[in-house]
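Note that the coordinates shown come from a computational prediction; the quantities given were computed from them, not determined experimentally. First the proteins, then the strands, lettered A, B, ... as listed; each starts at 1.
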Number of protein chains: 4
Amino acid sequence: MKENLPQDLHYSEKQVAILLATEQLIAEKGYSASSVRDIAQAAGVNVAMISYYFGSKEKLLEALFVYRIDSSRVVLQALLENTVLNPFEKLEILVTSYVDKLINNFAFYQIMNREPAIKEIKNISKIVNATKQRNQGMIRQLIDEGQSKNFFKNTVDVSLLMHTMMGTLMSVCNNADYLKIIYQSEHLSEEEFGNMMRERLKVHLFQMMKAALTQPIT
Amino acid sequence: MKENLPQDLHYSEKQVAILLATEQLIAEKGYSASSVRDIAQAAGVNVAMISYYFGSKEKLLEALFVYRIDSSRVVLQALLENTVLNPFEKLEILVTSYVDKLINNFAFYQIMNREPAIKEIKNISKIVNATKQRNQGMIRQLIDEGQSKNFFKNTVDVSLLMHTMMGTLMSVCNNADYLKIIYQSEHLSEEEFGNMMRERLKVHLFQMMKAALTQPIT
Amino acid sequence: MKENLPQDLHYSEKQVAILLATEQLIAEKGYSASSVRDIAQAAGVNVAMISYYFGSKEKLLEALFVYRIDSSRVVLQALLENTVLNPFEKLEILVTSYVDKLINNFAFYQIMNREPAIKEIKNISKIVNATKQRNQGMIRQLIDEGQSKNFFKNTVDVSLLMHTMMGTLMSVCNNADYLKIIYQSEHLSEEEFGNMMRERLKVHLFQMMKAALTQPIT
Amino acid sequence: MKENLPQDLHYSEKQVAILLATEQLIAEKGYSASSVRDIAQAAGVNVAMISYYFGSKEKLLEALFVYRIDSSRVVLQALLENTVLNPFEKLEILVTSYVDKLINNFAFYQIMNREPAIKEIKNISKIVNATKQRNQGMIRQLIDEGQSKNFFKNTVDVSLLMHTMMGTLMSVCNNADYLKIIYQSEHLSEEEFGNMMRERLKVHLFQMMKAALTQPIT
DNA sequence: AATGAATGAGGGTTCATTCAT
DNA sequence: AATGAATGAACCCTCATTCAT
C-alpha cells in the first residue's frame with residue numbers, strides 16, 4: 001500500500017522537488033500549459049531528468065497523484081469508529097478535517113477537481129474514483145449513524161451533501177482573490193487571510209450541514 | 001443546442017459554429033489542450049478561418065465569453081424588483097434559475113470556473129469579475145430583503161452562501177458520471193438523468209439554503 | 001514603346017495608387033516582407049484587387065518596373081547628340097541628371113539595386129539589364145567623345161566609373177540618416193537636407209569624375 | 001570558406017555551419033525570403049536547432065552580425081599608427097584592404113548594406129552603426145594626416161569619399177554577373193574573375209581617390 | 001467591375017522525448 | 001546515474017491566391 005503513504009520513501013530529494021514543482025505549476029497553469037521544461041526549471045533539475053525518473057509527462061502526473069492521494073483515511077476511519085463523540089461532534093470534526101485538508105493541499109485539489117487531463121489517464125482516474133468513493137462512503141456512514149441515533153433528520157440527499165461541502169470549499173478557494181476584496185482584507189497577509197477563511201469556512205459549513213441535517217421537514 | 005445561445009451578436013452561422021465547437025472542446029479538454037486545428041475541424045471550417053474571424057486563439061476565447069455572459073441579468077433583476085413574491089418564493093426561484101442556467105450552460109461554466117488561461121487574459125478576467133460581482137450583489141440584495149422582512153435569520157455568511165450554491169452545482173456536474181452510478185441510474189438517458197439531477201439539485205439547494213437562512217441560532 | 005512612358009495611360013487611378021504603395025512599401029521593407037495585404041491597405045484598396053488587376057504579387061512588381069523604368073533615355077540621348085556643349089559640360093549635366101533622377105526616385109532605385117527577388121523574376125531582369133546596358137552605353141559614348149576630343153585622359157575604367165557614380169549615390173542615400181548626424185544637420189527638414197545632399201553629391205561626383213578623367217598618368 | 005571566418009566565438013561546429021548557411025542564404029534571397037527551414041536544411045541540421053542554439057530567427061541574424069563584424073579594426077588601426085608609410089602609401093593600403101575585405105566577405109556586406117530587416121533589429125543597428133562610425137573615423141583620420149602633411153588637397157568631402165569607395169565596391173559586386181559580360185570574361189572561372197575584379201577595383205579606386213585628393217582646385 | 005469569404009501551404013517556434021556520452 | 005544535444009511533430013498564425021457573388 002505504498003501508494004497511500006503521503007510520502008513515498010522511494011523518492012529521492014530531487015524526485016520530490018520535481019513532484020512539488022509539478023503540483024504547483026500544474027495547479028497554476030494546467031497540465032497542458034505546463035511544459036516539462038518549465039517544471040524542470042522550477043524544480044531546479046535537468047529537463048531530461050523528468051523522463052529519466054518518471055518516464056513521461058503523463059506518468060509524472062500519475063506519480064503526483066500516487067504521491068498525494070489521501071493522507072486522511074486514517075483520521076476519518078478513526079473518527080467513524082469513535083464511540084465517545086456524538087454525531088454532531090463527529091460532523092464538526094469531519095468538516096474541520098476537510099476544510100484543513102483542502103486548504104492545506106489546495107494546489108493538488110485544484111488539479112484533481114479541474115484538470116481535464118486526468119480523465120484521460122486511466123491510472124489516475126482509478127485512483128481518484130476510488131478515493132471519492134471512499135470519502136463518499138465515510139460521510140454516508142457518519143450520517144447514517146446520526147440518523148439511526150435520531151440526531152439527524154433523514155431528508156437530506158447525502159450524495160449531494162458531500163458535493164455541497166467540497167464544492168463550497170473549492171469555489172471559495174478558487175475565488176480567494178475575489179473574496180479578499182469582498183471581506184476588505186487586503187491588508188492581511190496571505191497566511192492571515194487563509195486562516196481567517198479557514199475559520200469562516202468551518203463555521204459556515206458546519207452550520208449549513210447541521211441546519212440541513214436537523215431542519216424540520218417542510 | 002442552439003436554443004441555449006443567449007443571442008446572436010452579429011455572428012454569422014459559421015462563426016457561431018466555431019464558438020460552439022470552441023466551447024465544447026475547451027470544456028472537455030481545456031484551453032491549452034485544444035488546438036485551433038481541432039476546433040476548426042469540430043466546427044467544420046478551415047483552420048485559417050479562426051484567425052480570419054477572431055484574430056487569434058486567445059481572442060476566440062474572449063469572443064466566447066462575450067458571447068455567453070450576460071444572459072441572466074434580466075431574469076434576476078426582475079426577480080429582485082418583484083413585490084408580490086415573498087423572500088422564500090424568491091429564493092426558490094433564484095435557486096431554480098441558477099440550477100437551470102448552470103446545467104443548460106455547463107460547458108461554459110466549466111470553462112469559466114476552471115480554466116487557468118482566463119486569468120491571464122485580461123479582457124476575460126474583467127468580464128468574469130464583473131459578472132461575479134453582479135451575481136454576488138443580487139444574491140446579497142435578495143437575502144438582505146428577506147432579513148429586513150424577518151423571514152431570514154442573519155447569521156449566515158452571504159458571501160460564502162453563493163459559493164455553496166455555485167460550488168455544489170459545479171461539483172455535482174463535474175462528477176455527474178460518478179453520481180450516475182451512485183444513483184443507480186445507468187439505465188437513464190443523458191437527458192433523463194440530467195432532468196433528474198436538475199430536480200434533485202433544486203430541492204437540495206433550496207432546502208440547504210432555506211435551512212441555513214432560517215435555522216435557530218445555536 | 002508604351003512601357004517606356006513614365007506613366008502608363010492604361011492604369012487607372014486605383015492601379016497607380018497600388019503601384020505607388022507597392023514601391024514605397026517594398027523599398028522600405030523588401031519584397032518578401034511586404035504582404036499584399038499591407039500593400040492593399042496602404043493603397044486603400046481591397047486585397048483581392050491586386051490579384052484582380054495585376055494577377056499576382058510577382059506580376060505587381062513586374063508592373064512597377066515597367067511603370068518606372070527609365071524616364072531618362074530622352075534626356076540623355078539628347079545630351080549625347082548635343083554638339084554645342086563640351087564634354088565637361090556634358091559630364092556635369094550627366095552627373096546632375098543622375099543625381100536628381102536617383103534622389104527623386106530613390107524608393108524605386110532601392111528596390112532595383114537591392115531586391116533579391118528581382119533576379120528571380122525573368123521579365124524584370126530583362127528590363128533591368130537592358131536599362132543598365134543602355135545607361136552604361138551612353139556613359140561610355142560620352143566619355144569616348146571626351147577622349148577622342150582630348151578632353152579626357154583614357155586611363156579610366158569606364159565600366160567601373162558608372163558604378164562609382166551609382167554606387168556613391170546609393171550608398172549615400174542608404175545612409176542618409178547617418179550622414180544627417182555627420183553633417184550636424186538634424187535641424188534641417190527632410191526636404192532641406194535632401195536638397196543639401198543633392199548639391200553636395202553633384203559637386204562631389206562631378207569633381208571626382210573630372211579628376212579621374214583628367215588626372216595626369218602616374 | 002572557413003578561412004574567411006574572423007574567429008570562433010565559442011561557437012560549435014554545428015553553430016558555425018548554421019551561421020554560414022544563414023549568411024549565404026540571406027545574402028542570396030534576403031532575410032524574409034529565407035525560411036529557417038531552408039537555412040536549417042542548407043546547414044544540414046534540424047529546424048529546431050536554430051531556436052535551440054540561437055533562440056529565434058532574428059537572434060540568428062544578430063548572432064551572424066556579432067560573428068562577422070570587427071575583423072578589420074586591428075589592421076586599419078595599425079595602419080593609422082604607422083609612421084613610416086606616407087599618406088599615399090597608406091591610402092593604397094587602405095583601399096586594398098577594403099577591397100579585399102569586401103570581396104572576401106561579400107555575402108555579409110550584401111546583407112549589411114541592403115537588408116531592410118536589420119534596421120528594425122536594434123541590436124544589429126547598434127553594431128552596424130558603431131562599425132560605420134569607426135570606419136568613417138579612421139578614413140577621416142588618414143586623410144587628415146595627408147592633408148596636414150600637404151600630400152592631399154582639402155577640397156574633397158571626406159564623408160562622401162567613404163561612400164564612393166564602399167558604394168563602388170558594392171555596386172560592382174552586385175553587378176558582377178553583368179560585368180563579366182562587359183569584360184568578355186565568361187571564359188574565366190569564378191575565382192579568376194574575382195581576382196581580376198579585385199585588381200581592377202584596387203587600381204580604379206586608388207586612382208579615383210588619389211585624383212580626387214590631389215586635383216588642383218578648380 | 002469589384003469584393004468579402006474562404007483556403008492550402010508554409011511561416012517561426014515550442015513541444016515531449018530520445019540519444020550518446 | 002545523469003545530462004547536453006538533438007529531433008520529429010505539432011503548435012498558432014499569416015501568406016498569396018481563388019471563388020462566388
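- Rounded to whole angstrom, the span from the CG atom of C/Leu60 across to the P atom of F/dT17 amounts to 10 Å.
- For A/Tyr52, counting side-chain heavy atoms from C-beta on, the closest listed nucleotide (F/dA2, E/dT18, F/dA16) is F/dA2.
- Atom-to-atom, CD of B/Glu13 to C1' of E/dG4 comes out at 17 Å; the value is rounded to the nearest Å.
- B/Ala17 approaches B/Ala43 most closely through the heavy-atom pair O-CB, 3.6 Å.
- If D/Glu58 and A/Ser56 are placed on DNA chain E by their nearest nucleotide, the residue sitting closer to the 5' end is D/Glu58.
- Listed by residue number, the members of residues 27-35 of chain A with any heavy atom below 4.0 angstrom from DNA chain E are A/Ser34, A/Ser35.
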Original post:
Where each pair must be Watson-Crick or G-U wobble with both distances under 3.5 Å, what dot-bracket representation of DNA chain E is obtained, with crossing pairs in [ ] and other-strand partners as |?
Top reply: .||||||||||||||||||||
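- Side chains of C/Arg114 and C/Asn174 form a contact here, defined as non-hydrogen atoms less than 4.5 Å apart.
- Contacts of D/Asn129 classified as side-chain hydrogen bond (donor to acceptor under 3.5 Å, both in side chains), with partners at least two apart in sequence or in another chain: none.
- Residues passing the side-chain hydrogen bond (donor to acceptor under 3.5 Å, both in side chains) test with A/Glu115: none are found, sequence neighbours excluded.
- Sorted by first and then second residue, the salt bridge (charged side-chain N to carboxylate O under 4.0 Å, His left out) pairs involving residues 43-66 of chain B (not counting sequence neighbours) form an empty list.
- Every ring pair (Phe, Tyr, Trp, His ring centres under 6.0 Å) that D/Phe108 has, sequence neighbours left out, goes to D/Phe65.
- Atom CG in D/Asp38 sits roughly 10 Å away from atom C1' in E/dG10 (whole-Å rounding).
- Rounded to whole Å, atom P of F/dA16 lies 13 Å from atom CG of C/Leu61.
- Nucleotide F/dA5 holds its C1' atom 11 Å from the CD atom of D/Gln15, rounded to whole Å.
- Among the atoms of the strands shown, none is found under 4.0 Å from any heavy atom of A/Phe54.
- Considering only residues two or more places apart in sequence or on other chains, A/Asn113 meets the side chain to side chain contact (heavy atoms under 4.5 Å, CB included) condition with A/Tyr109, A/Met170.
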Please list, one pair per line, the donor and acceptor atoms closer than 3.5 Å that link side chains of residues 44-54 of chain A to other protein atoms, with sequence neighbours excluded.
unit_1	atom_1	unit_2	atom_2	d
A/Asn46	OD1	A/Ala48	N	2.7

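- The side chain of C/Lys57 has F/dT17 as its nearest neighbour among E/dT3, F/dC13, F/dT17.
- What separates CD1 of A/Ile18 from C1' of F/dT3 is a distance of 13 Å, to the nearest Å.
- Residues from residues 40-50 of chain C that place a heavy atom under 4.0 Å from any atom of DNA chain E, listed by number: C/Asn46, C/Ala48, C/Met49.
- The list of side-chain hydrogen bond (donor to acceptor under 3.5 Å, both in side chains) pairs with a residue in residues 29-39 of chain B, not counting sequence neighbours, reads B/Ser35-B/Asp38.
- Checking side-chain atoms of B/Thr22 against main-chain N and O of B/Leu64 turns up no donor-acceptor pair under 3.5 Å.
- Taking D/Ala27 as the reference, D/Ala107, D/Gln110, D/Ile111 meet the side chain to side chain contact (heavy atoms under 4.5 Å, CB included) condition, with sequence neighbours excluded.
- Interface remark: the D/Arg37 side chain does not form any donor-acceptor pair with the E/dG10 base, using a distance-only criterion of under 3.5 Å.
- C/Ser125 places a side-chain N or O within 3.5 Å of a backbone atom of C/Ile118 that can act as its donor or acceptor partner.
- Note: OH (B/Tyr11) to P (E/dA5) measures 14 Å, nearest angstrom.
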